[in-house]
Amino acid sequence: MTNSSHLPKPTSFHQIFTYRSQDKPNHPWFYYPEPVNAEHYRELTFKGTDDLLNHLAAQYVMLLPKADKNTISKMAPKSVPNPPLVVATLGSNTAQTLLTGFSVQRMQHAYMHISPLNSDAGILSLLESIDAKVLIADSVFYVRAKTLAAQMEGVQLVRMIEFDPVDELKRDLKPFDYDKTRDEGDNCSFIIHTSGTSSSAPKPIWHANKSFLASPPFAIRKATITTGLLYHGMGGIVAVSAANICASLALPLAKNPNHRTLPEVITSVKALPNADCLIIHPILAEAILETYGKKNSPELDYLRRLKAIEVGGGKLSSNIANELRNLGINVRAAIACTEIGTYPLRNEPTHEHWDSFVSANDYHVKWEHIEENQYELLVNDSPALALNLGIAKGGIYHTNDVFEESPPKSGKWVYVGRRDLMLIHSMGLNTNPVPWENALRPLQEIEECQLVGHGRRGPLLVVELNWNNVEDESKARDSIWKAVEEYNNTVMAWSRVQHPEAVVILPIGHHLERSDKDTVKRGINLKKFEKEINEGYQAWDRAAPLAKA
């Protein structure tokens, strides 16, 4: 076997597999259910992956246009030194789609998996904003992709090569010759995108190979089960990171690839003996406590065996996290807290805060004071920033992520939310509180109001009544709820105030703090009325329990 020290260091994602195929050829990289609803895992090694990438690249090179001045992206950020031909995919099978993407990179193109959960308008917006020239679609989404491609000039539609990786490796594989020593570090070969499921269109985020290969690895150990979808960092980036540090990735044995139920996640942990990390969204962590924790069910034993359960995609409430930790489950916050890039923070839980972070690199981390004990995280000259940010060498990037130092001057930081006001609920979907507040503030019964719900099951409205116009609090509540129901009809389901108990009326004499610009001081009010907000969510939970996985 060739010693790894004699091999060139990988400079792009697809080259990782060439490197590993000689260094750790039989090491399992990817555990996947195939077909999608299978009850058992199939195993793909590093060498098998590398062979498949050559096999696929040799076929797609005959189907895709060549990169030239007519096909390279004119929308690529100026910081991309070599604008690529951009290939997008619409796929329903995670294994096929992921390998298709890596084979596209092997042809020196940039790859973007577009989530089929987006609307047609959202998908068209993404294709236009990255200037994609190729759309590859599998049989499930081919008709939809054909309709989309017809609405855009110059987009070539290609049918995805569909296969099972293990079965495909038994066939005669096609060779694909490429320069294994070529430095592709500065090239962009991976584009992720934001969800775009609320008030804005999905936004593409370009990344260079070097940025993620140079950034700290995710909390991946022997094998990680991730419930994240490919287009998001909890899926695709974890897959790259696993390969980079010679670890393994597994997907849940789920009937629906876009929705993982709690029993399916537990079954996956049982079926994978070497699993030691689970990455989930907050709503599944809530479901674990509600379904198994309250009854001390046997399933907890499987979760206690894991070294860590990483929670990402939203902020899990401290109450739930602490209860899970008291049950012997090592719940941790996934590294960083933003979709823009990987930042030099690491989770070091304390007794008071399960999601306490410390600076892993004091050179990169800077803190800008906002108000009281709140600070925005700034990043100084980080190598892990997305290319489309265009941060100059030695420049400062504002993450828009707000932290509190707890306790003050301790060097331990707790994430409290986004500076741009957006509420990110526990299921990872967004609500803009400003339109809500603007719609209700004109009511004669309301002096001031604030929509809250970051990291929670959904929005909750805190109301300060105008007692000059209120004789009966009960009648005022009924009037406000009627207005809430009317406005609910204008917003997405997850952005609705879903129950009368989710309207909290502050007692007379209690005031929502305002700034000199006559806007609510959100962070201060969250702390000032923490008790009332918690009681409001508790009342809502009692009146309408959250449906668990």
Side-chain angles (χ1 to χ4, degrees), residues 195 197-199 227 256 259-265 280-295 297 311 313-324 417 422-433 435-437 439-440 443 445-446 449-465 473-507 512 525-526 529-549:
S195 60
T197 50
S198 56
S199 59
T227 60
N256 183 342
H259 177 67
R260 285 87 155 117
T261 66
L262 184 55
E264 288 173 335
V265 171
I280 58 176
H281 287 86
I283 195 168
L284 277 177
E286 295 172 3
I288 288 172
L289 180 62
E290 183 70 20
T291 307
Y292 302 131
K294 302 294 186 184
K295 303 174 183 177
S297 302
V311 180
K315 185 173 172 63
L316 180 66
S317 74
S318 294
N319 290 339
I320 292 175
N322 289 333
E323 287 192 57
L324 288 171
M422 192 66 72
L423 304 175
I424 305 175
H425 305 303
S426 58
M427 74 292 291
L429 298 173
N430 300 338
T431 295
N432 187 344
W436 257 109
E437 294 156 357
L440 297 175
L443 292 178
E445 295 89 351
I446 293 181
C449 61
Q450 180 175 338
L451 197 73
V452 302
H454 189 84
R456 303 279 197 160
R457 60 181 289 189
L460 179 142
L461 184 68
V462 180
V463 176
E464 176 189 342
L465 291 177
E473 181 177 339
S474 179
K475 290 182 179 179
R477 176 182 286 276
D478 290 342
S479 177
I480 293 169
W481 177 244
K482 182 178 179 180
V484 166
E485 286 187 303
E486 290 178 359
Y487 195 74
N488 273 338
N489 295 326
T490 68
V491 298
M492 297 292 188
W494 57 82
S495 294
R496 296 170 185 162
V497 176
Q498 298 180 7
H499 196 276
E501 294 291 351
V503 177
V504 173
I505 305 293
L506 296 178
L512 288 165
N525 289 330
L526 286 173
F529 297 110
E530 182 180 11
K531 178 175 178 291
E532 289 81 358
I533 292 171
N534 286 337
E535 288 175 351
Y537 276 105
Q538 290 167 7
W540 179 14
D541 287 340
R542 288 192 297 269
L546 181 65
K548 301 298 182 181

Pairwise distance [atom1]([X]) to [atom2]([Y]) - rounded to 0.5 angstrom:
X	Y	atom1	atom2	value
Trp481	Asn488	CH2	CG	6.0 Å
Leu262	Glu286	CG	CD	12.0 Å
Asn525	Cys449	CG	SG	11.0 Å
Glu473	Ile505	CD	CD1	6.0 Å
Leu460	Ile533	CG	CD1	7.0 Å

What closest approach, in Å, do [X] and [Y] show between heavy atoms, and which atom pair accounts for it?
X	Y	value
Arg477	Pro500	NH1-O, 3.6 Å
Arg496	Trp436	CA-CZ2, 4.1 Å
Leu465	Ala476	CD2-CB, 4.4 Å
Leu526	Val452	CD2-CG1, 3.6 Å
Val504	Gly536	CG2-CA, 3.8 Å
Leu440	Leu461	CD1-CD2, 3.4 Å

List the residues meeting side chain to side chain contact (heavy atoms under 4.5 Å, CB included) with [X], not counting sequence neighbours, and say none if there are none.
X	value
Glu501	His499, Ala539, Trp540, Ala543
Asn534	Arg456, Glu530, Gln538
Lys294	Leu289, Glu290, Glu323
Ala439	Tyr487

For the residue pair [X] and [Y], establish whether any side-chain heavy-atom pair is separated by less than 4.5 Å.
X	Y	result
Val265	Ile288	no
Pro459	His425	yes
Val491	Thr431	no

Quiz prompt | Glu535: partners by salt bridge (charged side-chain N to carboxylate O under 4.0 Å, His left out), with sequence neighbours left out | solution =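 Glu535: salt bridge (charged side-chain N to carboxylate O under 4.0 Å, His left out) contacts with Lys531.
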Self-check item: Glu437: salt bridge (charged side-chain N to carboxylate O under 4.0 Å, His left out) partners, not counting sequence neighbours
Solution: Arg441, Arg522
Quiz item: Passes side-chain contact (heavy atoms from CB on, under 4.5 Å), Arg457 versus Asp541? Steps please.
Solution: CA-CA 9 Å; Arg457 60 181 289 189; Asp541 287 340; 2.7 Å; yes
Quiz item: Do side-chain atoms of Tyr292 reach the backbone of Ala287 as a donor and acceptor pair under 3.5 angstrom?
Solution: no
